[in-house]
Structures are given as structure tokens and as C-alpha cells.
A.B. asks: 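A single structure is presented below for examination.
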Amino acid sequence: MVRAWYMDDDEESDQRLPHMSPQLVDLKDLEKIGVLYWKLDADNYKTDGKLKKIREERGYTYEDNITCCPEKLPNYEQKIKTFYEEHLHTDEEIRFILDGSGYFDVRDANDRWIRIEVIKGDLIVLPAGIYHRFTLDKNDYIHALRLFVGEPVWTPYNRPADDMQPRIDYVRSLQTATA
Ligand SMILES: CSCCC(=O)C(=O)O
Ligand SMILES: [Fe+2]
């Protein structure tokens, strides 16, 4: 099961540390803010049909993969910095972790940081318009599939991006969800 928690207030120390407060977050809480999660078999996903089914249901037609580690990611230092700047996208961010681990941080409805630990076999979908960021953990390694609906657009829009339509739509969806 995915592990998630509210982050502690320590903004000084290494982003790669867990920054775990005692307040845990469960899947239902993640669903309320539009974050979806599945546990799949990362060794057999090509043949067991489960990812295929999700892809068909959600229209994920595009796929490539990304390896984040100093040796494999071109422009590593810059990319790691960019991933950790608070941003949103106009589309879902979909990652299936094939190996390694890391943290996706997402803002909850009250603007508090929730840290989601992702490990091998985790498929996570962040909704369009959610403010978020990504960091590697102390193992400095993750290998993930990136999925997308149609031609991929990876552009991050750093906060503040409150006037963008996907942000407006996302905020509205939160209000409906909690009404
Ligand atoms: C887990 S994949 C690495 C991070 C990433 O692709 C992103 O933040 O866009
Ligand atoms: Fe992102």
C-alpha cells in the first residue's frame, strides 16, 4: 500500500530525507484531492494485462521511460531542481515506477504538503492543475514509465499559476468533492 504523510516543518534540511510528520495520509484522502493510485506487478506488467486495462480505460496512448540518477539523466542537477519547484501541468502526470523510489509532494485542499512515497510497482496519477513537486530520496535512483493521453506535454507551470484554466477547474473540482 502506498505510504503518504503530511510533511514536517523543516524546510532547511535535505529534500531527499523523508520529512515525515506523525500525521499519516491514506488512499481516501489522496482520492479526495484527485490523486489516483494502483499497485501493479512491475516485473510482469507487460503480460498480466493490468496496466493495459488502465491505459485503455483512461486513454493513455503515449509511453516512454525516464531514469533519474546522476549517470543517466542528461542535465541531472538542473532537472532535479526543476522537478522540486512547485508547479502544475495542464494534463495529468502519470508515472509507473519500474525500479527505485522517490517522493511526490502534493498540496492538499488547505495548501499543506502531503508527501507520497513511490516505490517499484506504484502507478500514480496526479490530476491536471494540482500543485506538486518531485524529489529523489537518499537512494538517488528511480526508473519510471511516463504515460500520457495523446502527444505528451511535460511543461511545468511554476506557482503562482492560479489563473490558468486547468487550475481553476481543479480548484472547482475540490469544492464539489468536499461539498
Ligand atoms: C518519477 S519520474 C521523475 C519525475 C518526473 O518525471 C517529473 O517530476 O516530471
Ligand atoms: Fe510535474
Side-chain angles (χ1 to χ4, degrees), residues 1-5 7 14-19 30 33-43 45 51 54-55 58 60-108 111-162 164-171 173-174:
M1 189 44 63
V2 69
R3 293 203 310 158
W5 53 85
M7 290 184 75
D14 192 339
Q15 68 190 53
R16 290 175 163 81
L17 291 169
H19 287 275
L30 294 180
I33 56 170
V35 174
L36 305 178
Y37 170 85
W38 291 265
K39 188 75 181 183
L40 301 177
D41 181 347
D43 294 319
Y45 75 95
L51 182 62
I54 294 167
R55 290 181 65 149
R58 300 190 62 82
Y60 300 154
T61 47
Y62 175 90
E63 167 191 320
D64 69 7
N65 66 84
I66 181 168
T67 306
C68 302
C69 64
E71 300 77 30
K72 294 224 171 119
L73 189 68
N75 228 339
Y76 173 81
E77 288 297 338
Q78 185 52 45
K79 289 245 180 62
I80 290 299
K81 240 185 222 156
T82 309
F83 289 157
Y84 203 61
E85 282 175 58
E86 184 172 2
H87 64 274
L88 59 74
H89 304 284
T90 52
D91 302 271
E92 291 178 347
E93 179 161 328
I94 310 144
R95 299 289 184 270
F96 177 44
I97 315 306
L98 297 175
D99 200 9
S101 52
Y103 301 121
F104 280 99
D105 298 338
V106 296
R107 291 283 190 185
D108 81 349
D111 223 19
R112 291 173 66 204
W113 279 122
I114 294 174
R115 175 153 279 195
I116 306 167
E117 176 187 60
V118 291
I119 58 175
K120 182 175 175 177
D122 288 342
L123 169 61
I124 189 167
V125 177
L126 308 185
I130 194 171
Y131 283 127
H132 68 278
R133 62 189 182 190
F134 173 81
T135 181
L136 287 168
D137 60 22
K138 283 294 196 182
N139 294 317
D140 271 327
Y141 181 76
I142 200 163
H143 180 206
L145 280 191
R146 306 195 294 183
L147 305 174
F148 207 86
V149 181
E151 272 307 297
V153 181
W154 309 120
T155 316
Y157 295 92
N158 285 352
R159 190 171 185 173
D162 297 337
M164 291 184 67
Q165 195 58 45
R167 178 65 191 171
I168 293 168
D169 293 343
Y170 173 69
V171 170
S173 76
L174 283 183

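Index from 1, following the sequence. As the structure lists them, so they are numbered: ligands from 1, and atoms in each ligand from 1.
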A.B. asks: Would C68 count as a contact of ligand 1 if the rule is a heavy atom under 4.0 Å away?
C.D. replies: yes

A.B. asks: Just verifying a value: how many Å separate H132 NE2 and F83 CZ, rounded to the nearest 0.5 Å?
C.D. replies: 10.0 Å

A.B. asks: Which protein non-hydrogen atom lies closest to atom 7 (C) of ligand 1, naming both residue and atom, and how far is it?
C.D. replies: E93 OE2, 3.4 Å

A.B. asks: To 10°, measure the OE1(E93)-the Fe ion (ligand 2)-NE2(H89) angle for me.
C.D. replies: 80°

A.B. asks: Report yes if the distance between the aromatic ring centroids of F96 and W38 is under 6.0 Å, otherwise no.
C.D. replies: no

A.B. asks: What protein heavy atom is closest to atom 9 (O) of ligand 1, reported as residue, atom name and distance in Å?
C.D. replies: R95 NH2, 2.9 Å

A.B. asks: What N, O or S atom of H132 is found closest to the Fe ion (ligand 2)?
C.D. replies: NE2

A.B. asks: Contact between ligand 1 and W154 is defined here as a heavy atom of the residue under 4.0 Å from a ligand atom; is it met?
C.D. replies: no

A.B. asks: Among all the protein's non-hydrogen atoms, which is closest to atom 4 (C) of ligand 1, and how far away is it?
C.D. replies: F134 CD2, 3.5 Å

A.B. asks: Roughly how far, to the nearest 0.5 Å, is CZ of F134 from CD1 of I124?
C.D. replies: 10.0 Å

A.B. asks: So does K79 have more than 12 non-hydrogen atoms from other groups sitting under 6.0 Å from NZ?
C.D. replies: yes

A.B. asks: Could you tell me the separation between the CZ atom of R16 and the NZ atom of K138, rounded to the nearest 0.5 Å?
C.D. replies: 7.5 Å

A.B. asks: Mark yes when over 12 heavy atoms from residues, nucleotides or ligands other than K72 sit less than 6.0 Å from its NZ; otherwise mark no.
C.D. replies: no

A.B. asks: Kindly give the atom name of the N, O or S atom of H87 closest to the Fe ion (ligand 2).
C.D. replies: NE2

